[in-house]
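A short write-up of the structure that comes next.
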Amino acid sequence: MHHLRTTVARLGPLAAAQTAQIAPQSRLLALERGTRTFQPVRSLRASVAAEPFLNGTSSNYVEEMYYAWLEDPRNVHKSWDIFFRNANAGAPPGAAYQSPPPLSGPSDGTMGVRALVGAQPNVEKLVKDHLAVQSLIRAYQVRGHHIAKLDPLGISCVDFDDAPCTVGFQNVGLYGLTEGDLDKVFRLPASTFIGGNDSALPLREIIRRLEMAYCQHIGVEFMFINDLEQCQWIRQKFETPGIMQFSLEEKRTLLGRMIRSTRFEEFLQRKWSSEKRFGLEGCESLIPALKTIIDRSSQCGVESMILGMPHRGRLNVLANVIRKDLDQIFCQFDSKLEAADEGSGDVKYHLGMYHRRMNRVSDRYITLSLVANPSHLEAVDPVVQGKTKAEQFYSGDTEGKRVMSILLHGDAAFAGQGIVYETFHLSDLPSYTTHGTIHVVVNNQIGFTTDPRMARSSPYPTDVARVVNAPIFHVNADNPEAVMFVCNVAAEWRNTFHKDVVVDLVSYRRNGHNEMDEPMFTQPLMYKQIKKQKGVLQKFVEKLVAEGVITTQHYEEEVARYDKICEDAFAHSKDEKILHIKHWLDSPWPGFFTLDGQPKTMSCPSTGIREDELCHIGNVAASVPLEDFMIHGGLSRILKGRAHMVSKRVCDWALGEYMAFGSLLKEGIHVRLSGQDVERGTFSHRHHVLHDQNVDKRICIPMNSISPDQAPYTVCNSSLSEYGVLGFELGFAMASPNALVLWEAQFGDFHNTAQCIIDQFISSGQAKWVRQNGIVLLLPHGMEGMGPEHSSARPERFLQMCNDDSDVFPKVTGDFAVHQLYDCNWIVVNCSTPANYFHVLRRQILLPFRKPLIVFTPKSLLRHPEAKSSFDDMLPGTHFQRLIPDEGPAAVGPQNVKRVVFCTGKIYYDLIRERKSRGLEDAVAVVRIEQLSPFPFDLVKAEADQYQNADLVWCQEEHKNQGYYDYVKPRLRTTLNRTRPIWYAGREPAAAPATGNKHTHLTELQHLLDAAFDLETSPGKL
Ligand SMILES: Cc1ncc(C[n+]2csc(CCOP(=O)(O)OP(=O)(O)O)c2C)c(N)n1
Ligand SMILES: [Mg+2]
């Protein structure tokens, strides 16, 4: 009701004669084929809002009448003509409506024609019938997909909770229509395109056309989309009569693609019948589907497409979509081939790929990359998005016109994995959007052995996409033409609106989960049906032959031609002696390595910078580069504090970070920092984005005012997701080695909701996929009496996954530190000074290769008066210190030192305070291990050797079964060659990372400090 009232209230005075001038300036949607145009709501005088017959359901109809009347008053019934004339003339509420004129005698159409009331029932019936037809049309648009013939097996698993189907000839009664109305002509509303050039049709034809559009092999879900223009666009694409027609050439191309897709699987089955390959049988039309999307997108100007996909049909996609050489694929089946590259490699259906080639349909070059992925379904989704975003960013493609992503999904995984939802929620965020992803679901109506009714609570596996208003095109995958049609529409949708869209290929899985599995154990009836099911290629060929598009002979020749291609490649693949995993790289970094893929040097220059640069960046950090920009008073004090530090030549943690980012930006390195609340910083220390206190949403990012030719700085508060956002940043970092990409956890322990990205990609990605990545994880960590949930970033987990050998003291050569970094799977540090943090961030970029960097970052140290660094520690010639030796009185007289306490991170400050209070500065040396992994064996040894008369202690604030203990213990022993004992000072083992009781926390701290400094008794031995 309200909608109608407001709609009609917005109608303003407008004479019918004015129509022609007004139509063009409106928000017209120019339709490519049909002649109908969608017009915006215009205004008619408010007074009509009180008409009694106007209610919510009739609003569209009234609008319809109004537009028709605007075109020509004779288009509508006389009663409407009078109504609109009166309304425009300013009739008072309730008075605009006049009963229609009598059949005998003229009416002047004025407001005084009260005598005609007797004719009112006819008008009401007319309005009602039109409204009924409009409701019926709408019902098809909303629910036509419920009865579309989507399932090739005809056993549809989609459960609509027995919602009655309210369309079809048999249901017209539900709308107050009768069979007798079927041959009456009804005017079509603007919200349908079934009329083509006709603006009115008999009801029978209306229903027939709606059945054609919405209830055949395509089911369109889109009426939940809030945007009227987008809905109209979709309606026009599916409703326009005759729109789904293809030329002979298109049909033949489609056949060729179906042949490749089908015969490829058959070839693999013939040659390697007992090998797992997760074949595509039952959904072979995936290949033409993807190729159609690629062709159409390329025609629309897309140059680079980044794909992510699971196991199902992956080899087929590599062969027939990406066009990986067949012999390269086939030789993956030869278990005897030795890998030529470092790393442990991965199975064939996980490897990535990168290929640039000419697209024959568009005649343009395209680059396709398929991102390598772990077994963990859907984990690759955010990674693909991050890589896509990065490629858009580097190529200046701010609207996603040249680079796009395509994600493939299985039905069970799409519905079940939460990362799908997290990834969808990145899709429209300014710093994360890739301007529309095309999702393709291989919906074989089963997940391993589990039926959909046990695997999801929503009718379709695709319902998750509704949260972002993505249209969903369900299509019966046994109809390749329908598949091709929806894929074209999906590509056009993405190109028009730059929003996500889903293509749901409703299909089946001809074999078990893999080729070895027996599906009859668990789905006997489904598989009885599948055994009877004619293959999609065979059905399609029969159709084309019947239509006269091809002859059987043509088909047989095409099959023979492709089979020969496979056979030749197979013969070729036997010549391969060595497997090059590098051929399966999804993100090459041209120019970064030597031609044979090695680092260009094996050294790292000084990571220090000049004093004037430090001062300049420091001053920017203390400034507000925009004029008339009012910042908060508290922030003014912080900025003044920064200026003061610069004048004193010191940095705190935030300023150290500023120096690192600012200097890299100045050197042309893009820096991107992403995570929850990173702009201000969870601990309110960073303030990289300033907010005008007087102007809403006016912001200032001083880091982008460092120098005119600097690289851009991106700092972005993320959605409240770890898995999705960390995956995204990993993908961003994958695209180029020349960017510092950092993800910060709100507190370090939150990283565990992104554990899959850490385990499957970050710690092991290079070994599996010969692909380097320099992503940085900033994980706030420290036992500060804040309870179990905010204390530990779980260093033990990261350290447990390090690949350096705990039992071997490495050979120490000149460039040992860099070699050690090159050999490791990731770098784990816990810096105790801003200068060291500055250096380790810069080292990420100045190294001649890329490794992930895990940084345990401080909380209370951010404001600790002693946790400051002098500019002297950041000048040219200075480096990251893997270990910081004691530089106090103990180091001056090492022979007098009775104990060396090795530690890492924030506990250092507790230790030196305690040492001072006990007057033990001569007797106890405190040594900080800043780089935990790879372990600085050489430097630890040098320290131990220096203090020959001292006993050795490892001190940590974390519980014994947590923190660093289990990692450092064997390494310290190896370093000392078991010639000297080493003792442990720290908390007892515990289940939770920290106590929730402040007093207990302080008592525990005191105990461990007592253990560290009680020189009479040795604490527990390591
Ligand atoms: C995160 C995750 N959990 C479990 C598995 C084990 N698994 C592999 S395939 C599969 C079924 C997937 O079903 P669906 O997504 O419908 O794809 P389909 O195999 O049917 O193509 C499962 C459970 C996995 N690979 N990843
Ligand atoms: Mg499935």
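FYI, side chains are in, hydrogens and waters are out, and symmetry mates aren't considered; it's all heavy atoms of this structure. Whatever order the structure lists ligands and atoms in, that order sets their numbers, starting from 1. Being a predicted model, the structure only gives us computed values, none of them experimental. Heads up: numbering here begins at 1 and tracks the sequence.
Annotation: atom 25 (N) of ligand 1 to nearest protein heavy atom, Ser375 O, 2.9 Å. Among all non-hydrogen protein atoms, the one lying nearest atom 16 (O) of ligand 1 is Asp411 OD1, 2.5 Å. The single protein non-hydrogen atom nearest to atom 13 (O) of ligand 1 is Gly447 CA, 3.3 Å, given as residue, atom name and distance. Considering only non-hydrogen protein atoms, atom 15 (O) of ligand 1 sits nearest to Ala413 N, 2.9 Å.
Residue-to-ligand polar distances place Ala412 within reach of ligand 1: an N/O pair is separated by less than 3.5 Å. In terms of polar-atom proximity, defined here as any N/O pair under 3.5 Å, Asn444 does make such a contact with ligand 1. Close N/O approach between Gln417 and ligand 1 is not found [any backbone or side-chain N/O within under 3.5 Å]. Looking at Leu377 next to ligand 1, an N or O pair under 3.5 Å apart turns up.
Every heavy atom of Glu378 sits 4.0 Å or more from the atoms of ligand 1.
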Dump the intermediate steps for side-chain contact (heavy atoms from CB on, under 4.5 Å) on Trp493 and Ile234, then the final yes or no.
CA-CA 8 Å; Trp493 164 273; Ile234 291 173; 3.7 Å; yes
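Under the 4.0 angstrom criterion, atom 4 (C) of ligand 1 counts as lacking any protein heavy-atom contact.
Within Asp411, OD1 is the N, O or S atom that lies nearest to the Mg ion (ligand 2).
In this pair, His439 and Phe414 present their aromatic rings tilted. The plane angle is within the 30 to 60° band.
The CG atom of Leu585 sits 10.0 Å away from the OH atom of Tyr354 when rounded to the nearest 0.5 Å. Summarising the geometry, atom OG belonging to Ser285 is positioned 6.0 Å from atom CG belonging to Leu505; distances are rounded to the nearest 0.5 Å.
The salt bridge (Lys or Arg N to Asp or Glu O under 4.0 Å) with Glu265 is formed by just one residue from the set Arg277, Arg510, Arg312; it is Arg277. Under the ring pair (Phe, Tyr, Trp, His ring centres under 6.0 Å) rule, His145 has a single partner from Phe473, Tyr214, Tyr460, which is Tyr460.
A salt bridge links Glu492 with Arg296: at least one charged nitrogen is closer than 4.0 Å to a carboxylate oxygen.
Taking all heavy atoms of Arg509, His513, Gln760, Arg312 into account, the minimum distance to atom 21 (O) of ligand 1 is reached by Arg312.
Contacts between Ile446 and ligand 1 below 4.0 angstrom, taking non-hydrogen atoms only, involve the backbone exclusively.
For the residue pair Asp478/Gln533, the side-chain donor-acceptor check at 3.5 Å is satisfied.
Ring centroids of Phe267 and Phe330 are separated by less than 6.0 Å, placing the two rings close together. The aromatic ring centres of Phe485 and Phe238 sit less than 6.0 Å apart.
Within the coordination shell of the Mg ion (ligand 2), defined by N, O or S atoms under 2.8 Å, Gly410 is absent. At least one N/O/S atom of Asn444, from backbone or side chain, sits under 2.8 Å from the Mg ion (ligand 2).
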